[in-house]
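A short worksheet on the structure shown next.
No hydrogens, no waters, no symmetry mates; every other heavy atom, side chains included, goes into these values.
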Amino acid sequence: MEAKHAIFSVAFALVLTVGRVVCSRSARLRDACAFLLVFGTTRTDMLDINFLSREWYRGTTRGIEVSWVDLIWILLLASLPRNERKNAWLPGLGPMFVFFAYNALIVAYSDPAIFGLFELSNMLRHIFVFVTMARYVKGDRELSIIAWALSLAVAYEFLYALRCRFFWKQPRVQGSFAHCNVLSMYELMAIPMMATVAASDASRALRRTCAVAALLGVATLLLTVSRGGIVTLTMVGIFLLFACGSLREMTVRHACIGVSIASILGVLVAANYDNFNARFEAEGFDKEYGGPVWEGRGPTSY
């Protein structure tokens, strides 16, 4: 066992003993854990280790990954008071387990199966995170904490993206993640949530913060120059417009805000026009899917 594995074992033991006792007596500490759990999705690789590591794609390694975020959700789940733990079956948990069982069956017939086991371990971690947050949320107060944490995470990724673009001169920013497309998917999950809170009856401060975070998320996604992300974002924007928009409630103020947002996004698109053009023309779909395997894409040959 390496030193980092021993350190993790000690940290895990402390979480289940001292940390659990302290957090079980303080709702504010549990709120802090939930806040860190959401914001920590931007830096899961900051402190992580892999068990049973193997060589993987492009010189990287894979294994059964455990990070500091895992310690947070384990601490939060273990410290929830028993009288606050919901006993009802969580909506959506059944399909998750069905999908997990389906993938486990595929891995069982794979050779080698160890790489599939790595992915199964990640799926199991994600299911437990889902259960933890579902058990934690009891009302609008907990949802507000999650919204504040997610808006801060989106703002953090926007600042990180600006650093990548203007200081490191990256044509496609990746933020704090391993690849630009990962950042794009992260923003695609966060933007609808931010827009939903902005259009809700939450506090004015939270609604305005989430509205700004949604705009920053869109700007970050544009900086990734992700083709799939841009197309998906356009579809999401159209659906949100039909679902939440109303000409009856349109005012001069709303029109000015809309024009301002469209102008800002237009400037971002114009500033990245060359990068967009290179992505949609120079690296066409024929190169990715019509020829030999390229960057993990293309027809599979045996």
Side-chain angles (χ1 to χ4, degrees), residues 1-13 15-16 37-38 40-78 80 85-136 177-186 188-189 226 228-229 232 288-302:
M1 177 181 292
E2 299 182 14
K4 59 183 181 180
H5 296 154
I7 294 174
F8 167 78
S9 300
V10 173
F12 183 76
V15 162
L16 291 180
L37 184 58
V38 176
T41 54
T42 61
R43 297 310 304 263
T44 58
D45 60 338
M46 187 168 58
L47 293 171
D48 65 339
I49 58 176
N50 289 323
F51 295 91
L52 306 176
S53 298
R54 295 292 188 275
E55 292 294 329
W56 190 241
Y57 184 59
R58 291 187 174 181
T60 59
T61 59
R62 295 298 299 273
I64 299 178
E65 182 184 12
V66 182
S67 73
W68 67 278
V69 179
D70 292 288
L71 296 179
I72 297 297
W73 71 255
I74 291 172
L75 175 60
L76 178 58
L77 182 61
L80 288 174
R85 296 177 183 175
K86 304 174 184 178
N87 295 322
W89 184 261
L90 299 176
L93 188 59
M96 290 183 183
F97 278 122
V98 171
F99 185 64
F100 178 83
Y102 167 75
N103 285 274
L105 183 63
I106 293 177
V107 172
Y109 285 93
S110 300
D111 185 25
I114 188 168
F115 293 106
L117 289 174
F118 296 159
E119 298 308 316
L120 287 178
S121 67
N122 283 330
M123 292 178 63
L124 195 60
R125 292 165 64 205
H126 299 157
I127 291 175
F128 274 111
V129 170
F130 169 79
V131 171
T132 300
M133 298 307 290
R135 300 296 188 194
Y136 164 75
F177 297 97
H179 196 276
C180 342
N181 291 339
V182 180
L183 176 58
S184 173
M185 289 187 290
Y186 185 88
L188 285 174
M189 292 186 291
S226 171
T232 305
E288 296 185 10
Y289 299 102
V293 176
W294 176 73
E295 285 198 350
R297 303 168 179 172
T300 303
S301 58
Y302 297 94

Problem - Pro95 versus Gly92, closest heavy-atom pair with distance - result: CD-O, 3.4 Å
Handout entry: Donor-acceptor under 3.5 Å (Ser121 side chain, Phe118 main chain)
Key = yes
Handout entry: Distance in Å, Leu75 CG paired with Leu80 CG, rounded so as to fall on 0.5 Å steps
Key = 9.5 Å
Handout entry: Distance, nearest 0.5 Å, that separates CG of Asn122 from CD of Glu119
Key = 5.5 Å
Problem - Smallest separation among heavy atoms of Leu37 and Met133, with atom names - result: CD2-SD, 3.4 Å
Problem - Where Phe177 and Thr42 come nearest, the two heavy atoms and their spacing - result: CZ-CA, 4.0 Å
Handout entry: Residues which pass side-chain hydrogen bond (donor to acceptor under 3.5 Å, both in side chains) with Trp68, listed by chain and number, not counting sequence neighbours
Key = none
Handout entry: Check: Phe128 main-chain N/O paired with Thr132 side-chain donor or acceptor under 3.5 Å
Key = yes
Practice task
Would you please say whether a donor-acceptor pair under 3.5 Å links the side chains of Thr41 and Tyr186?
Solution key: yes
Practice task
Show your working on side-chain contact (heavy atoms from CB on, under 4.5 Å) between Thr44 and Asp70 and close with a plain yes or no.
Solution key: CA-CA 9 Å; Thr44 58; Asp70 292 288; over 6 Å; no
Handout entry: 4.5 Å side-chain heavy-atom contact, Arg125 and Ser67
Key = yes
Please list, one pair per line, the donor and acceptor atoms closer than 3.5 Å that link side chains of residues 98-115 to other protein atoms, with sequence neighbours excluded.
from   : atom 1 : to     : atom 2 : distance (Å)
Asn103 : ND2    : Phe99  : O      : 2.7
Ser110 : OG     : Ile106 : O      : 2.8

